[in-house]
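A quick write-up on the structure given underneath.
Atom set for the values below is all heavy atoms of this structure, side chains included, hydrogens, waters and symmetry mates excluded.
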Number of protein chains: 2
Amino acid sequence: MPVNIYDVAKKAGLSVVTVSRVLNNSSTVRDYNRQKVLKAMEELDYKPNAAARSLAKGDTGMIGLILPTIDDPFMSQVLFAVERAAREKGMFLVTAFAPGCEEPGYANPVSLFRENRVDGILILSPVKNEEYILELKKNGFPFVLLDQHHSAVQAPSVTVDNFYGGYQATARLIAAGFKRIAHISGSDIYESSAQRLEGYKQALRDHGLEIAEELIASGNFTIAGGYEALAGWIERGQLPEAVFAADDNTAFGVIDAARKFRISIPAELSVIGYDDHPFGSMLHPALSTVRQPTPELGKQGVELLLNVLSGKVKRAVTITLKPEVVLRDTTPAK
Amino acid sequence: MPVNIYDVAKKAGLSVVTVSRVLNNSSTVRDYNRQKVLKAMEELDYKPNAAARSLAKGDTGMIGLILPTIDDPFMSQVLFAVERAAREKGMFLVTAFAPGCEEPGYANPVSLFRENRVDGILILSPVKNEEYILELKKNGFPFVLLDQHHSAVQAPSVTVDNFYGGYQATARLIAAGFKRIAHISGSDIYESSAQRLEGYKQALRDHGLEIAEELIASGNFTIAGGYEALAGWIERGQLPEAVFAADDNTAFGVIDAARKFRISIPAELSVIGYDDHPFGSMLHPALSTVRQPTPELGKQGVELLLNVLSGKVKRAVTITLKPEVVLRDTTPAK
DNA sequence: ATTAATAGTTAAAGCGTTTTAATTTTTAGG
DNA sequence: CCTAAAAATTAAAACGCTTTAACTATTAAT
């Protein structure tokens, strides 16, 4: 039933290798022969068999993407960007989630590559999941890290400069004249979170401001975390002038709490988030934030991976992208 | 370099077919021989080659998922659910986005199947994209439709009853004593949107309420759409008592506008959304909504697809799941 | 013990491509 | 025109696995 390359060859009156050649542009084929082949393919509605092709060529035309979850727009955006970039390069994307370090009941996404289902993998994972990354490395399987440095492993990666983002966000707040600037951090298992915190601290230091431990809360990248952090400060009479939240979810929680406690934003409290959540520009007050270049992240990620695959990149280069502060209504107008 | 089944066979002192058998549990193998094989695999760190396996078996162990985009939590949840369900069945998921009907510059996701990269496809797409679905059908390629009926094509599908959801949401509002109940619809290209609207209308009719065209606005599943719809009613002096929004984004827009115009929720206006957006339960007032069983949708979707693949399901069955109204703070307490 | 049935094993063919090396055809140079 | 070089085509091997059919070893029934 399925038509194969022999059927096409027969119909075109040529050999299979000529057909294969026009399929791959691998070598020159006399033009009128190429036409014959193309016509035969058209008429037979021929589609090459990916498995056979993989087996012969030793590659799959697919790349893998491992994400922890997809419960927030940043992850969605990364996924979307990666898919677009991959498809633009003619590759398909197999997506796997690895919520926990170990996943009882599920085949480890690692089998994804060990079985040669994909040519390489993009990994965006919390630092804790280092084991399987180390395994990948040991096996020499091509991969690149997305948005996370893993201290224990030297690997090609593309990241967004979280230190810079944290620094810039804080610097803007300082420039607006605030002294009591709080930070609500994300989750310890993400290196990005730690780096935003470091950026915050450094900005404070650089501008002669004290780092007050009581103004650093932990929010776990959640609305509830943001809400509780602000509520805590209010209850303890420690309301800051401004807060830099580790992500927009947290910031929304802060705004929500501010509303509850009748604290006016930005008059009494400024807020700046991180990620440029789509809601940020739509809801009122519009949220000031730090925008990450997710399309670029995806694009550079797949390009780097492709370069690793082609052998163009051999060392553990790391590409660092810059995020961009976007000031809207939760920070004072200039 | 890569170790294959012959290496394993040699090391185990058995034939390749015995090795293949322990790999596939396809036939009985004497236990001590199975142990020998397992041991050899272990020692050689053998991993089967997926391409060779596909070629020989005629299947791939992968399923495809086509989504229009992933810019909203509903899509993310479906993706997540499908991935989990697929992996549970030992299948990997290749994800492709098909934002427009035609995609210049990208390989059509249809090649995904025409090239036999996957065994079957789950499609969640706006009604407009019927062409490629028809093509799939013509080619006899296995697929199941997710969350959308396509009037022009008879196909196995699993959907959530949007009519029912719209009906129930509206009925709750009616039960709360409201007469002027507005609806902000979604996007015409989604059949789900039309069905929620129908449910709304039918509930009104069934309870002897008039369908007022001026209380039906179009919101395009966006915050801005919800905002503008409510703003419009307010400006025209047509403020309804309650609004059923086609999705939570729209509902958030309504809440945002209500805040702007100092309309108290739920005292002066009740709101009920659709989708159970994660923000709905976190922000204040907590949003009443209609929760769709996305995990179930994903699970049933892959199960149905698998049954189509195995030939268990031959006809165009459709499985309909029920959504569930979740009343929170934007509707009157009982 | 002998035979029939069953379990376990293997040799060989096949899955649909690409690739290498060999062969034929075309082009260019004298 | 003839020959050498270049271009186009092909036959055959390879990719790593599964499957079928044939064969051998084991068990059960008489």
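- By the salt bridge (charged side-chain N to carboxylate O under 4.0 Å, His left out) test, Glu296(A) pairs with no residue at all, sequence neighbours left out.
- Applying the 4.0 Å criterion to OP1 and OP2 of dT10(D), one finds that Thr18(A) has a side-chain N or O inside that range.
- Between the side chains of Ser187(B) and Ser193(B), no donor-acceptor pair is found at a separation under 3.5 Å.
- Between Glu88(A) and Arg84(A), no side-chain nitrogen of the basic residue sits less than 4.0 Å from a carboxylate oxygen of the acidic one, so the salt-bridge criterion is not met.
- Residue pairs meeting the side-chain hydrogen bond (donor to acceptor under 3.5 Å, both in side chains) criterion with at least one partner in residues 55-65 of chain B, sequence neighbours excluded, are Thr60(B)-Asp119(B).
- In this structure, Leu14(A) atom CG and dT24(C) atom C1' are separated by 14 Å, rounded to whole Å.
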Would you tabulate the nitrogen or oxygen pairs shorter than 3.5 Å linking the protein to nucleotides 12-19 of chain C?
from: dG16(C); atom 1: N2; to: Ala52(A); atom 2: O; distance (Å): 3.4
from: dT17(C); atom 1: OP1; to: Tyr46(A); atom 2: OH; distance (Å): 2.7
from: dT17(C); atom 1: OP1; to: Asn49(A); atom 2: N; distance (Å): 3.1
from: dT17(C); atom 1: OP2; to: Ile5(A); atom 2: N; distance (Å): 2.6
from: dT17(C); atom 1: O5'; to: Tyr46(A); atom 2: OH; distance (Å): 3.3
from: dT18(C); atom 1: OP1; to: Asn24(A); atom 2: OD1; distance (Å): 3.1
from: dT18(C); atom 1: OP1; to: Asn24(A); atom 2: ND2; distance (Å): 2.7
from: dT18(C); atom 1: OP2; to: Ser20(A); atom 2: OG; distance (Å): 2.4
from: dT18(C); atom 1: OP2; to: Asn24(A); atom 2: ND2; distance (Å): 3.3

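- Per the geometry, CD belonging to Glu115(A) stands 15 Å off C1' belonging to dT18(D), to the nearest Å.
- Legend: ring pair (Phe, Tyr, Trp, His ring centres under 6.0 Å) pairs involving residues 62-82 of chain A, not counting sequence neighbours, sorted by first then second residue: Phe80(A)-Phe97(B).
- Atom CG of Asp188(A) sits in a sparse spot, with 12 or fewer heavy atoms from other residues, nucleotides or ligands closer than 6.0 Å.
- Within a 6.0 Å radius of NZ in Lys137(A), other residues, nucleotides and ligands contribute more than 12 heavy atoms.
- In terms of the side chain to side chain donor-acceptor pair (under 3.5 Å) criterion, Thr320(A) has no residue partners (sequence neighbours excluded).
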Between protein and nucleic acid, restricted to nucleotides 6-8 of chain D and to nitrogen or oxygen atoms under 3.5 Å apart, what atom pairs and distances do you find?
from: dA8(D); atom 1: OP2; to: Thr28(A); atom 2: OG1; distance (Å): 2.2
from: dA8(D); atom 1: O3'; to: Arg30(A); atom 2: NE; distance (Å): 3.4
from: dA8(D); atom 1: O3'; to: Arg30(A); atom 2: NH2; distance (Å): 3.1

